[in-house]
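All residue numbers refer to positions in the sequence shown, counting from 1. Computed from a predicted model, the values in this text were never measured in an experiment.
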Amino acid sequence: MKNKLIIAMLPLVLVACGGGEEKPAAGPKAMPKLTVDVVKMMPGSVVRTIAIPGSVIPSEEVQLYSEVSGRVQSISFKEGQTVKKGAILLQVDTDVLKAQRAQLKVELDLAKKDEARKKILLNAKGISVEEYEKVASQLANIEAQIDLINVQISKATVRAPFSGRIGLRRVSEGAVISPTTLITSIVQENPIKIEFSISERYANSVKAGQTIHFKTDNNTTSYSAAVYAFESMVDQGTRMLTVRATAPNTGKLIAGTFVSIDYDLGNEQNAYMVPAESIIPVLKGQVIYVVRGGMVTEVPVAIGIRNADQVQVIGEINQGDLVLISGLLAVRPGMPVNTKIVVP
């Protein structure tokens with residue numbers, strides 16, 4: 001009986017002595033820092049070449065009209081023909097004008113004789129100065145009418161205002177035309193002009209004499225042109241600056257065609273370039289993630305020059321900054337990370 005009592009009390013003794021005490025549970029282990037690939041920012045020189053669309057336009061372009069009304073007497077050009085400056089293109093009938101001029105010449109002869117007689121009488125004080133002035137005024141009026149008709153006769157001949165290629169003919173011989181009747185058009189295609197618009201961001205970099213390289217939409221041949229002029233102000237609606245360049249034309253460039261342009265704006269110093277995959281689009285533009293003091297920092301940037309695999313970023317970037325190029329979806333601003341520098 002005594003032995004049974006000792007055995008029954010043994011668990012109580014063990015508990016009192018701490019023999020049955022449970023060990024505290026271990027807490028959760030800390031997550032290891034994420035390791036990300038980064039590139040180290042070092043300023044350098046970059047060739048500022050931008051790709052933009054443009055159009056070929058003629059060096060000169062004019063739609064031709066007659067300055068006088070009348071019947072088309074003759075047409076001296078063929079569609080698509082190349083003509084020299086001053087070449088006769090069309091003649092409007094001037095028979096009526098010539099008849100009016102002949103009549104005025106008869107009146108002019110009589111007016112001259114009348115003026116001569118009145119002048120003799122004036123000197124002899126046979127007439128008043130007022131009577132002589134009326135005759136002299138009539139003579140001057142007839143001479144002015146003849147000059148006007150001579151001008152109209154000369155304008156009845158339509159000439160090429162410059163050397164160029166004629167377009168499609170819009171009138172026929174025998175047709176009656178007026179100053180609002182389109183006859184044809186003429187364009188000068190050598191040299192040719194290239195017109196394009198450039199963002200206001202680069203407006204200060206545009207200079208006369210710069211070289212552009214361009215290709216037509218259906219041709220792999222590259223052509224060169226020299227910038228010679230640009231608008232005096234940026235368009236307030238599009239925020240673009242219109243620029244024109246000129247290039248020799250051997251006949252392969254057609255006015256009105258589309259071209260793709262590589263515009264060399266020269267070298268830019270102290271530029272920061274990052275791999276294209278490091279740019280993160282956001283609602284108000286673009287940002288990059290920079291590691292500073294072991295922590296991820298978000299830096300808003302503007303985009304500058306692009307090349308095959310890198311993009312110029314403009315913003316609060318310092319030499320030596322580490323820009324993330326991996327783990328962009330896994331990190332957040334303020335997160336501590338380990339970095340691995342990658343040579344781009």
Side-chain angles (χ1 to χ4, degrees), residues 15 17-53 197-206 234 236-241 260-344:
V15 171
C17 294
E21 183 179 356
E22 296 182 1
K23 294 182 180 181
K29 293 183 179 180
M31 294 293 292
K33 290 183 181 179
L34 180 66
T35 299
V36 293
D37 293 336
V38 295
V39 291
K40 191 173 185 178
M41 288 291 90
M42 298 297 293
S45 175
V46 59
V47 178
R48 303 180 68 197
T49 301
I50 57 176
I52 45 179
S197 294
I198 189 169
S199 170
E200 64 178 343
R201 180 189 305 169
Y202 308 110
N204 289 333
S205 300
V206 177
V234 171
Q236 295 184 1
T238 63
R239 315 311 303 178
M240 304 288 280
L241 180 70
S260 54
I261 300 169
D262 289 328
Y263 190 5
D264 184 357
L265 294 171
N267 291 342
E268 180 173 342
Q269 305 300 322
N270 299 319
Y272 289 103
M273 304 294 291
V274 299
E277 61 267 24
S278 66
I279 306 295
I280 305 171
V282 294
L283 185 61
K284 295 184 178 181
Q286 302 87 20
V287 299
I288 58 175
Y289 284 157
V290 178
V291 178
R292 293 171 178 167
M295 307 288 286
V296 176
T297 301
E298 182 180 279
V299 178
V301 293
I303 301 301
I305 304 301
R306 293 178 181 267
N307 56 31
D309 54 2
Q310 290 191 314
V311 181
Q312 180 191 11
V313 287
I314 304 167
E316 295 182 1
I317 304 169
N318 305 314
Q319 181 175 340
D321 276 345
L322 302 178
V323 177
L324 272 70
I325 60 173
S326 71
L328 298 175
L329 298 178
V331 300
R332 294 291 182 271
M335 179 184 294
V337 292
N338 293 323
T339 59
K340 177 184 177 183
I341 298 178
V342 176
V343 178

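Nearest heavy-atom pair across M240 and S199 is SD-CA, 3.6 Å. Closest heavy-atom contact between G327 and V36: CA-CG1, 4.5 Å. Nearest heavy-atom pair across P336 and K33 is CB-CE, 4.0 Å. Contact between R292 and V299 at its shortest, heavy atoms only, is NH2-CG2, 4.1 Å. Smallest separation of non-hydrogen atoms from V342 and V39: O-CG1, 3.5 Å.
Considering CE of M42 and CG of D321, their distance stands at 11.5 Å, rounded to 0.5 Å. Considering CG of N270 and CD1 of I317, their distance stands at 12.5 Å, rounded to 0.5 Å. The distance from atom OG1 of T297 to atom CG of L324, rounded to the nearest 0.5 Å, is 10.0 Å. To the nearest 0.5 Å, atom CZ of residue R239 and atom CG of residue L241 are 11.0 Å apart.
For the pair I341/V38, a side-chain contact is recorded, criterion being any heavy-atom separation below 4.5 Å from C-beta on.
Under the rule for a side-chain hydrogen bond (donor to acceptor under 3.5 Å, both in side chains), S326 has no partner lying at least two apart in sequence or in another chain. By the ring pair (Phe, Tyr, Trp, His ring centres under 6.0 Å) test, Y272 pairs with no residue at all, sequence neighbours left out. For E298, the side chain to side chain contact (heavy atoms under 4.5 Å, CB included) test picks out V287, Y289, P333, with sequence neighbours left out. Partners of M273 under the side chain to side chain contact (heavy atoms under 4.5 Å, CB included) rule, at least two apart in sequence or in another chain, are V46, N307, Q310, Q312. Remark: R201 pairs with no residue by the salt bridge (charged side-chain N to carboxylate O under 4.0 Å, His left out) rule, at least two apart or across chains.
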I'd like a table of donor-acceptor pairs (distance under 3.5 Å, sequence neighbours excluded) in which one partner is a side-chain atom from residues 275-283, with atom names and distances.
unit_1	atom_1	unit_2	atom_2	d
S278	OG	P275	O	2.7

